[in-house]
Amino acid sequence: MTVHHPDFAPDPSLSRAEMESLQREIARSAVFTDDLGFDPALLDDPIARATAEAASDTDETADPEDRADGTVPLVAGVDQSFLLDQDRALSAIVVLRPAGSEWEVVERVHAVTPLEIPYIPGLLSFREGGAILAAVEELTADPDLYLFDGSGRIHFRQAGIATHIGVMLDAPSIGVAKKLLCGDPVASTEGLAAGERVAIRANADVEGPNDIAGEGSSSEGHDAADPDWPTIGSAVQSKQYDSPNRHVNPLYVSPGHRMSAATAADVVLAFAAGYKLPEPTRLADAYADEVKAEYR
DNA sequence: GCGACAG
DNA sequence: ATCTTGTCGC
């Protein structure tokens, strides 16, 4: 893995204004359209996957382990836990690769770094980014896609933690949050069935990169009362109960980098395995807890 | 001054 | 995020 934008490092010693202007610059570098570098169908279509694997197996030198054929995507889940009494952050990364209709863990790494700043809504990546990058440095594998805990484009300056790290690595990334930071659901998100989604569009709380309303298209025809706000993510119902007395809240999924909002939601649903959190993030969360226990 | 916001 | 037992529902 290579850091394509070391100049976007989440330096926690920056002033708040500097952090925010860096986020605006990151948002301008972010790509919110699909540019995965692999076929996303491989993530949720066992048949397409089996076909691709069969094709690669005909090549004597093809080795799924090192992605020699470039068809088997490696997906990384990233999550942090904290050792607050020690003022340290622990980032854990779990890398998965397709194995039949399941997923197989190919690598798990972690890193512990000192906590420099407190949690400030909108500046999460400056608190947790250092630990994440340190953990990424420990990776032997080179993931094709990263799933982060937190937001991507659903962010005041369209540069949440998934966008920040995704752009730095120039890797496709997705933000998976349990709470909505900003933006408005286009419809009620109550009582959604598993597999359903509701678009989240920008509102006045969301800045550029370009003219947000109309995304810089025709500068006319948009006023504050009737804006053509772009979709920045979606509420995704990854799990739901049948009975009416017990329910699960949706996840708030947004593209981080090199991904559209629709594909980000597709990917998260493809990783739904009976739990609210998609497998990569769920396993990273469990690994973070596991490692954390060893640090005390 | 009030509101308000991931982890 | 973290501090924490039991408890409700599948």
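Residue numbers begin at 1 in each chain, while the letters A, B, ... track the order of the sequences.
Residue A:R127 has its side chain nearest to B:dG7 when only B:dC5, B:dA6, B:dG7 are considered. Side-chain atoms of A:F82 lie closest to C:dT2 of the nucleotides C:dT2, B:dA6, C:dC10.
Salt bridge A:E207/A:R24: present, at least one basic N to carboxylate O contact under 4.0 Å.
Contact annotation for A:I132: no contact, since no heavy-atom pair falls under 4.0 Å across all strands. Across all strands, A:I154 comes closer than 4.0 Å to no nucleic acid atom at all (heavy-atom distances). Using a 4.0 Å heavy-atom cutoff across all strands shown, A:L84 reaches sugar-phosphate atoms only and no base atom.
With DNA chain C read from its 5' end, the first of the two nearest nucleotides for A:N245 and A:K178 is the one closest to A:K178. Place A:D79 and A:S243 on DNA chain C by their nearest nucleotides, and A:D79 ends up nearer the 5' end.
Going from atom CG of A:D289 over to atom P of B:dG7 covers 15 Å, rounded to whole Å. Regarding A:K276, its NZ atom lies at a distance of 17 Å from the P atom of C:dC10, rounded to whole Å. In this structure, A:Y252 atom OH and B:dC5 atom C1' are separated by 13 Å, rounded to whole Å. Counting to the nearest Å, the C1' atom of B:dC5 and the CD atom of A:E20 are 12 Å from each other. The CD1 atom of A:I165 sits 14 Å away from the C1' atom of B:dA6 (whole-angstrom rounding). The CZ atom of A:F156 sits 8 Å away from the P atom of B:dC5 (whole-angstrom rounding). The distance from atom CD1 of A:I117 to atom P of C:dA1 is 18 Å, rounded to the nearest whole Å. Between A:F148 atom CZ and B:dG7 atom P there is a gap of 15 Å when expressed in whole angstrom units.
The phosphate of C:dC3 (OP1 or OP2) has a side-chain N or O of A:R296 nearer than 4.0 angstrom. Side-chain nitrogen and oxygen atoms of A:K292 include none within less than 4.0 Å of the OP1 or OP2 phosphate oxygen of C:dA1.
For A:E196 and A:Q237, the side-chain atoms include no donor-acceptor pair closer than 3.5 Å.
We find that the ring of A:Y119 and the base of C:dA1 do not stack by the test of centres under 5.5 angstrom and planes tilted less than 30°.
For A:D7, the CG atom counts as densely surrounded, since its 6.0 Å shell holds more than 12 non-hydrogen atoms of other residues, nucleotides or ligands.
A:H164 and A:F126 have their aromatic ring centers within a separation under 6.0 angstrom.
Relative ring orientation between A:F271 and A:W103 is described as tilted, the plane-to-plane angle lying within the 30° to 60° band.
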